[in-house]
Amino acid sequence: FHGTSHRFVAAEAAKMVGRPIEELKIVTCHIGSGSSISAVKYGKAVDTSMGFTPQEGLPMGTRCGSIDPAIVPLLMKKENLTADQIDTIMNKKSGMLGVSGVSSDLRDVRSAAENGNEHAFDFPRVSFENSLDFSFSGVKTNVINMIHKLEQKGEDVPVADIAASFKYCVCDVLASRLIEVAKAEGVNDVCLAGGVAANSKLRELAGKYAQENGINIHYPPLVLCTDNAAMIAMSGLCKFRLGMTCPIDAAPISRAADMK
């Protein structure tokens with residue numbers, strides 16, 4: 001099915017730019033419960049993220065994707081697992097399901113976060129003295145350890161409450177740091193954009209903290225808060241149509257400060 005999808009997407013991309021597919025080099029992305037990336041050169045697929053099986057490559061709904069091979073024997077020895085058991089874990093219990101602990105479907109993960117009690121757990125906010133830097137390492141470790149302890153005790157894991165509390169903690173850190181940076185730099189107006197700006201909780205907390213500190217905050221309509229990759233791709237398409245191209249070995253610039 002992935003091959004059919006990549007062929008269709010590559011053909012549609014050629015139509016969008018108005019050039020024969022035989023003249024183009026395209027990277028196509030099939031993203032869903034099953035995910036893969038393919039390099040299409042002059043109308044033919046020359047490489048794919050998948051390997052001997054679909055297990056290799058991108059993480060998927062229940063597949064872990066590419067991992068260090070040494071992890072497999074390590075888990076088998078440490079957890080006393082058979083080859084069939086480790087195969088089941090890697091193919092049916094990993095990916096989005098394994099990371100979220102909720103579901104292989106992102107819609108279910110979002111629903112759990114929205115329906116839980118966001119104040120059920122007060123997860124730690126990691127910050128650094130005399131710095132506006134922050135880290136999510138502490139909260140992630142805290143969640144993992146808490147779930148592990150509950151499972152060891154045979155107690156039910158309150159998935160919805162954990163998901164909601166985790167979302168609140170992350171958004172609280174991002175929103176509070178955003179306003180702290182604005183205050184430190186003497187900025188009176190802040191614009192929250194990009195895919196992250198579609199998060200309703202982040203909008204809510206950023207707006208709350210901005211109002212409390214006399215800072216104006218602006219958001220684009222939700223329809224314009226698309227994924228960053230989609231926005232970059234559209235920008236690239238527009239520049240391509242204008243004839244603005246660069247060599248394949250061009251060095252990318254990740255920071256505006258580095259631009260000349």
Side-chain angles (χ1 to χ4, degrees), residues 1-6 9 27-39 45 47-116 120-121 123-124 126 135-171 195-196 199 227-230:
F1 297 117
H2 284 238
T4 302
S5 173
H6 286 295
V9 171
V27 175
T28 55
C29 303
H30 178 97
I31 307 298
S33 184
S35 302
S36 64
I37 296 176
S38 180
D47 200 1
T48 175
S49 57
M50 290 186 175
F52 178 66
T53 71
Q55 179 64 269
E56 184 178 0
L58 303 177
M60 305 187 192
T62 61
R63 294 189 179 107
C64 62
S66 295
I67 58 174
D68 185 334
I71 292 175
V72 176
L74 175 66
L75 284 177
M76 293 178 70
K77 292 178 181 178
K78 185 176 181 181
E79 302 297 332
N80 194 28
L81 300 172
T82 65
D84 287 341
Q85 288 174 321
I86 199 73
D87 180 68
T88 297
I89 291 173
M90 293 172 63
N91 278 287
K92 298 181 179 180
K93 297 183 179 181
S94 299
M96 175 65 73
L97 173 61
V99 171
S100 68
V102 178
S103 170
S104 62
D105 192 322
L106 186 57
R107 292 169 295 184
D108 296 334
V109 177
R110 287 174 174 168
S111 177
E114 291 168 358
N115 296 327
F121 301 99
F123 292 127
V126 178
S135 171
F136 291 132
S137 296
V139 62
K140 290 186 290 185
T141 302
N142 192 276
V143 170
I144 292 171
N145 289 338
M146 182 175 66
I147 293 175
H148 185 60
K149 289 178 180 178
L150 289 172
E151 290 176 338
Q152 284 185 322
K153 295 178 181 178
E155 299 179 9
D156 292 335
V157 177
V159 173
D161 290 345
I162 292 175
S165 298
F166 181 86
K167 182 176 76 170
Y168 182 85
C169 174
V170 170
C171 290
V196 69
N199 188 294
D227 180 76
N228 290 346

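Values in this document were obtained by computation on a predicted structure and should not be read as measured data.
- More than 12 heavy atoms of other residues, nucleotides or ligands lie within 6.0 Å of CG in Asp68, so this atom counts as buried by the packing criterion.
- Atom CG in Leu81 sits 7.0 Å away from atom CG in Leu75 (nearest 0.5 Å).
- Note that the CG atom of Asp87 and the NZ atom of Lys92 stand 8.0 Å from one another [nearest 0.5 Å].
- Listed here is the closest heavy atom pair of Pro158 and Phe121: CG-CZ, 3.7 Å.
- Legend: side chain to side chain donor-acceptor pair (under 3.5 Å) pairs involving residues 140-154, not counting sequence neighbours, sorted by first then second residue: His148-Gln152.
- Ser66 approaches Gly57 most closely through the heavy-atom pair OG-N, 2.7 Å.
- Under the rule for a side-chain hydrogen bond (donor to acceptor under 3.5 Å, both in side chains), the partners of Ser111 that lie at least two apart in sequence or sit in another chain are Asn115.
- For the pair Phe123/Ile162, a side-chain contact is recorded, criterion being any heavy-atom separation below 4.5 Å from C-beta on.
- Taking the ring pair (Phe, Tyr, Trp, His ring centres under 6.0 Å) definition, one finds that His2 meets it with His30, sequence neighbours left out.
- The two residues Ser103 and Val109 make their nearest non-hydrogen contact at O-CG2, 3.9 Å.
- Applying the side chain to side chain contact (heavy atoms under 4.5 Å, CB included) rule to Leu97 yields the partners Thr62, Ser104; only residues at least two apart in sequence or on another chain are considered.
- The heavy-atom pair separating Asn199 from Lys167 by the smallest distance is ND2-CD, 4.4 Å.
- By the side-chain hydrogen bond (donor to acceptor under 3.5 Å, both in side chains) test, Thr28 is found to be paired with His6, residues two or more places apart in sequence or in another chain being considered.
- Here the CG-OG distance, from Leu58 to Ser35, works out to 6.0 Å after rounding to the nearest 0.5 Å.
- To the nearest 0.5 Å, atoms CE (Met60) and CD1 (Ile31) are separated by 9.0 Å.
- Considering only heavy atoms from C-beta on, Pro59 stays 4.5 Å or farther from Met96 through its side chain.
- For Ala45, the side chain to side chain contact (heavy atoms under 4.5 Å, CB included) test picks out Ser38, with sequence neighbours left out.
- For the pair Met90 and Val72, the tightest heavy-atom approach, listed with the atom from each and the gap, is SD-CG2, 4.0 Å.
- Of the inter-residue distances, the one linking Thr48 atom OG1 with Met50 atom CE reads 6.0 Å to the nearest 0.5 angstrom.
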